[in-house]
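Please read the structure below before turning to the comments.
If you're wondering where the values come from, they're calculated on a predicted model, not measured in any experiment. Residues: numbered from 1 along the sequence shown.
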Amino acid sequence: MLTHLLITNYALIDNLEIEFKKGLTIITGETGAGKSIILGALSLILGERADLKVIRKVESKSVIEATFNIEAYDRLESFFEQNDIEYYGNECILRREIYSNGRSRAFINDSPVTLSVLRDLTLRLIDIHSQHSNMLLREEDYQLNIIDSVSNNEVIRAEYAELFSKYKCLKAEILALKAEYEKNRAEEDYIQFQLSQISELKLQENEDIELEREQMRLSNVNEIKQCLWSASSMIQDEENSIISKMSTIMRGFSQIEGVDANLKELSERLQSMIIELKDFGRTINLIQDSYVDNPLELERVTERLNSIYDLENKHKLSSVNEIIALQHYYKEKIAKLTNSEEEINRLEIELAKVEHDALNKAQELSQSRKKGAEIFKEILKETATPLGMKNLRFELEFSECELYAQGIDKVKFLFAFNKQQQLMPIESTASGGELSRVMLSIKAIIAQNMQLPTIIFDEVDTGVSGEIAHKMGEMMCGISKNIQVIAITHLPQVAVIGDNHLRVYKADSDEATYTSICELSKDERVEEIARMLSGKEIDAAAINNARSLLGF
């Protein structure tokens with residue numbers, strides 16, 4: 001349940017803290033005192049988008065923080081685990097921070113979260129019911145949710161939701177596969193042609209690099225041979241060759257090498273160079289012999305390179321390896337096209353089975369709703385009759401539709417509030433007061449099954465008075481036996497039934513007017529009820545009447 005609410009720098013609120021208790025808490029105050037401002041601040045905790053106009057002092061941020069006691073709601077632990085949020089166990093703290101530059105931050109237990117995560121959690125913690133919420137009763141999905149809340153079908157709904165999710169995923173997968181299949185089929189001839197062109201070349205990785213080297217070698221055979229012949233002649237010719245000159249030097253060294261050890265070392269080094277040069281000369285000759293002028297081979301290499309270059313230009317690629325990668329891609333597309341039809345057939349068989357199972361589960365869900373609807377009809381009439389609707393007639397009109405997230409049911413609530421009146425949708429037959437009473441009756445019914453710690457009623461008693469107002473107050477009190485109820489009201493008949501009473505009021509300082517709130521003592525509560533009964537002028541009769549209503 002909601003235990004504490006802190007609001008700072010928001011509209012007329014400078015700094016406001018409210019402590020909430022169990023049972024039925026009544027909030028009263030004159031029109032314009034700021035009750036709607038407090039609810040507006042609380043709606044930010046529920047994930048609503050912020051209006052920057054509400055920031056009282058633009059140089060500071062606006063902060064709204066709500067603390068909930070969740071010790072009786074251990075089912076929430078999985079939510080914290082799934083969203084990687086620290087779980088405190090008994091307590092949950094929600095906070096919104098609004099900045100004048102448009103920035104907004106949300107926190108759960110001091111962990112930053114998105115608004116969608118904040119909204120998902122608060123849907124499990126609190127329900128704010130206002131006159132505007134009464135309009136929800138016109139919506140078919142909301143009507144279906146009401147029936148579900150009293151049909152004890154949570155397990156069936158969870159099983160159906162799992163099947164329907166699988167059904168939707170399979171349908172989406174099949175549609176995507178079919179779209180890709182049709183697209184690939186349209187491109188099949190083109191892909192086959194391109195693939196055959198590439199496959200004909202039987203390309204090898206890095207082949208273009210090797211061919212370019214070979215082309216360069218074959219194109220320069222004569223120049224290479226001439227260079228090698230010239231080098232061989234200079235090294236090995238009988239007359240005037242390098243080896244001949246080095247041999248002459250060697251003979252000179254052989255005559256003097258005994259004179260000095262250093263000269264002997266030079267002689268040995270020279271002998272080694274002569275041996276190396278002779279070997280080098282033989283290697284040159286071998287290489288020279290390997291170079292043969294081969295115009296036909298050059299033509300073959302050039303033609304293959306040109307074929308490769310043509311493919312590269314055609315596909316805007318820059319190497320053989322990229323062409324080979326494209327070849328693999330085309331092969332995969334052809335393989336996909338070959339396998340897609342088989343995969344589509346397999347998935348369609350699986351889809352038919354899942355659809356069959358989902359339909360069976362949806363029919364089971366529908367039966368549970370129809371049983372729950374019969375019970376709900378009787379309870380609603382019984383609950384609403386004391387609220388001045390003794391002639392209320394209510395029927396539920398079920399119709400079957402294609403599978404959707406809620407099953408196969410569409411439901412319509414039909415009401416008649418007077419004798420001989422035709423059953424019609426509620427928006428066509430109910431007054432504002434009747435709509436409020438019906439909605440309150442429904443909330444009272446589903447409160448037994450409502451998995452919420454807190455519900456707030458915002459002036460849902462508008463349009464009623466006297467004994468009916470008192471009955472509505474008693475109904476809210478009955479709901480508060482199961483969950484925490486906070487009721488904002490202008491009716492003394494409702495206000496006197498509360499376990500706790502808070503009053504919202506405006507206070508002036510030297511600089512500005514502020515909205516504030518306080519918990520009323522016993523005497524203050526008598527005075528507040530008297531004010532609600534008689535207006536600003538509170539006389540003894542009003543005081544006595546207030547004491548009587550309060551039972552003091």
CD of Gln421 to CZ of Phe415, rounded to nearest 0.5 Å, is 11.5 Å
Under 3.5 Å: donor-acceptor pair, side chain of Asp539, backbone of Ala542
yes
As a quick check of understanding, evaluate side chain to side chain donor-acceptor pair (under 3.5 Å) for Asn90 and Asn69, giving each step before the final call.
CA-CA 6 Å; Asn90 293 340; Asn69 183 319; over 6 Å; no
Test item: Ser43 side-chain N/O and Leu46 main-chain N/O as donor-acceptor pair under 3.5 Å
no
If a pair satisfies ring-ring contact (aromatic ring centres under 6.0 Å, His included) and one of its residues is in residues 463-507, list it, with sequence neighbours excluded.
none
Tell me whether Glu348 is salt-bridged to Lys178, with the criterion being a basic N under 4.0 Å from an acidic carboxylate O.
yes
One thing to verify: whether Lys21 and Glu519 come together as a salt bridge, which I'm taking to mean a side-chain N less than 4.0 angstrom from a carboxylate O.
yes
Are the side chain of Ser100 and the backbone N or O of Val58 linked by a donor-acceptor pair below 3.5 Å?
yes
Does Ala416 offer a backbone N or O that forms a donor-acceptor pair with the side chain of Arg393 under 3.5 Å?
no
Tell me if a side-chain donor or acceptor on Tyr167 pairs with a main-chain N or O of His356 at a distance below 3.5 Å.
no
For the side chain of Asn391 and the backbone of Lys419, is there at least one donor-acceptor N/O pair under 3.5 Å apart?
no
Please check this pair: side chain of Ser151 against backbone of Lys370, looking for a donor-acceptor N/O pair closer than 3.5 Å.
no
Validation: residues 372-384 side-chain donor-acceptor distances under 3.5 Å, sequence neighbours left out:
| unit_1 | atom_1 | unit_2 | atom_2 | d |
| --- | --- | --- | --- | --- |
| Lys377 | NZ | Glu395 | OE1 | 3.0 |
| Lys381 | NZ | Leu392 | O | 2.9 |
| Thr383 | OG1 | Ile379 | O | 2.7 |

